[in-house]
Visitor: 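Dropping the structure in here first, questions after.
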Amino acid sequence: MEGYKSVLERFKKEYRIYIVAFLILLLADFIGSFEFPVGPGMVLIFPIFYGIIIGMILGPDLLGFFKKEEVKAASPLVLVAIAPFIVKLGILGGGNLPKLLEVGPALLLQELGNIATVLIALPLALLLGLKREAVGATHSIDRETNLGLISNLYGPSSPEMRGTLSVYIIGGLIGTIYMGFLATLVASTGLFHPYALGMASGVGSGIMMASATASLAHMYPGFADEILMLGGASDMLTGLTGIYAALFIALPLANKLYGILEPRIGRRVRSKTQTPNNEGEKTI
């Protein structure tokens with residue numbers, strides 16, 4: 001409610017966001033979900049995909065229906081919109097505590113696997129020509145908590161923040177399709193138990209987790225409730241532990257690798273905000 005004296009005043013200034021968002025919701029739900037096989041895997045397209053596409057088209061850079069001020073006002077509403085979904089996952093997890101305890105420390109230790117993505121993604125980002133943007137883009141899956149972390153450490157207009165924000169947007173758009181396909185592709189190998197696949201779906205993004213667990217529940221209807229429960233619990237724990245893993249492990253690792261690899265494999269493309277001597281560049 002920052003900057004507003006009352007809920008009514010806020011609604012008067014932001015009413016277009018709520019009305020259009022509701023209309024997009026109805027349209028996306030009317031279109032419905034689609035699924036089609038791709039090799040051994042399956043691609044599931046959920047209504048949220050259409051919602052993101054329509055929202056982007058209406059944004060200031062395309063049709064211009066929404067102004068930049070409205071886009072900024074809508075950003076914090078994302079957490080409000082997904083709150084009921086998070087509550088549902090909490091209730092589902094609370095009703096299955098014995099199963100969560102059976103899983104043991106695997107739910108907590110899986111965050112170490114997420115950190116390993118730095119080792120793969122950062123060299124690729126440097127080969128593509130990114131500079132300091134690579135640190136923000138590759139240190140994590142770049143969801144809401146990471147946006148706050150990078151903004152606080154490097155500043156909202158920093159190259160690191162641009163990299164984080166880019167992955168945040170692309171992840172919301174493509175990540176839902178990718179995660180659903182990847183989950184079914186891995187499941188088709190028969191190497192992992194449905195419980196393990198459910199836990200692996202909790203990457204720290206509610207949207208991506210929902211896509212992956214829905215795809216897995218479709219493949220394993222007998223384990224559907226357990227997959228959704230484990231995916232939700234895993235996603236919640238990843239969100240809680242991920243911020244500390246990013247701050248104390250992933251970001252220092254990304255900065256260290258950047259210092260080692262950039263002079264060797266980085267393309268000679270200067271970041272738009274870099275000064276000749278990298279003045280003001282902040283690392284941790």
Visitor: Under 3.5 Å, is there a donor-acceptor pair between the N146 and S140 side chains?
Guide: yes
Visitor: Using side-chain contact (heavy atoms from CB on, under 4.5 Å) as the criterion, list what pairs up with K68, not counting sequence neighbours.
Guide: P60
Visitor: Does the ring of Y154 carry R162 above it, NZ/CZ under 6.0 angstrom from centre and within 45° of its axis?
Guide: no
Visitor: Report yes or no: does R16 contribute a side-chain atom to a donor-acceptor pair with the main-chain N or O of E70 at less than 3.5 Å?
Guide: no
Visitor: I need the minimum non-hydrogen distance between A217 and A224, along with the two atoms involved.
Guide: CB-CB, 3.9 Å
Visitor: What are the two closest heavy atoms between G155 and S158, and how far apart are they?
Guide: O-OG, 2.8 Å
Visitor: Test L62 against L58 for side chain to side chain contact (heavy atoms under 4.5 Å, CB included), laying out the working first.
Guide: CA-CA 6 Å; L62 292 176; L58 295 176; over 6 Å; no
Visitor: Roughly how far, to the nearest 0.5 Å, is CD1 of I54 from CD1 of I24?
Guide: 5.5 Å
Visitor: Considering only Ile, Leu, Val, Met, Phe, Trp and Tyr, and joining two whenever side-chain heavy atoms are under 4.5 Å apart, list the other residues clustered with L8.
Guide: none
Visitor: Sequence neighbours left out, what passes salt bridge (charged side-chain N to carboxylate O under 4.0 Å, His left out) with E14? Give chain and number order.
Guide: R10
Visitor: Can you name the nearest heavy-atom pair linking A28 to Y50, along with the distance?
Guide: O-CD1, 3.9 Å
Visitor: Nearest 0.5 Å, what's the NE2-CG distance between H139 and L251?
Guide: 4.5 Å
Visitor: CD/E160 to OH/Y258 distance, rounded to the nearest 0.5 angstrom?
Guide: 8.5 Å
Visitor: More than 12 heavy atoms of other residues, nucleotides or ligands under 6.0 Å from OH of Y18: yes or no?
Guide: yes
Visitor: Minimum heavy-atom separation for L197 and A187, please, with both atom names.
Guide: CD1-CB, 3.6 Å
Visitor: A quick test of your reading: do over 12 heavy atoms of other residues, nucleotides or ligands sit less than 6.0 Å from OH of Y178?
Guide: no
Visitor: Supply the members, apart from F22, of the Ile/Leu/Val/Met/Phe/Trp/Tyr cluster built from side-chain contacts under 4.5 Å; use none for a lone residue.
Guide: L25, L26
Visitor: Where the side chain of Y168 meets the backbone of A137, is there a donor-acceptor pair that is under 3.5 Å apart?
Guide: no
Visitor: Kindly say whether K131 contributes a backbone atom to a donor-acceptor pair with the side chain of E133 at under 3.5 angstrom?
Guide: yes
Visitor: Quickly, which of D235, I174, V203, I177 forms a side chain to side chain contact (heavy atoms under 4.5 Å, CB included) with M208? Name it, please.
Guide: V203
Visitor: Taking the side chain as C-beta and beyond, is there a heavy-atom pair between L23 and I19 under 4.5 Å?
Guide: yes
Visitor: Any heavy-atom pair between the side chains of N255 and R132 that's under 4.5 Å?
Guide: yes
Visitor: In this structure, would V167 and L165 fall into the same cluster of hydrophobic residues linked by side-chain contacts under 4.5 Å?
Guide: no
Visitor: So, using side-chain contact (heavy atoms from CB on, under 4.5 Å) as the criterion, who are the partners of A125 when residues are at least two apart?
Guide: L130, A134, T138
Visitor: Is it possible for you to say whether L126 and V135 belong to one hydrophobic cluster, with membership spreading through side-chain heavy-atom contacts below 4.5 Å?
Guide: yes
Visitor: Distance check, rounded to the nearest 0.5 Å: N152 atom CG versus L247 atom CG?
Guide: 9.5 Å
Visitor: Ignoring hydrogens, what is the shortest heavy-atom contact between I265 and P123? Give both atom names and the distance.
Guide: CD1-O, 3.8 Å
Visitor: Nearest 0.5 Å, please: how far is CD in E226 from CE in M199?
Guide: 12.5 Å
Visitor: A214: what forms a side-chain contact (heavy atoms from CB on, under 4.5 Å) with it, not counting sequence neighbours?
Guide: F46
Visitor: Test L119 against L253 for side chain to side chain contact (heavy atoms under 4.5 Å, CB included), laying out the working first.
Guide: CA-CA 9 Å; L119 302 175; L253 176 61; 4.2 Å; yes
Visitor: Does some side-chain heavy atom of T184 sit less than 4.5 Å from a side-chain heavy atom of H218?
Guide: no
Visitor: Indicate the atoms forming the closest heavy-atom contact of S201 with A212, along with that distance.
Guide: OG-CB, 3.4 Å
Visitor: For a 4.5 angstrom cut-off between non-hydrogen side-chain atoms, does F192 reach V186?
Guide: yes
Visitor: Are F66 and V20 close enough that some pair of their side-chain heavy atoms sits under 4.5 Å apart?
Guide: yes
Visitor: Roughly how far, to the nearest 0.5 Å, is CG of L216 from CE of M209?
Guide: 11.5 Å
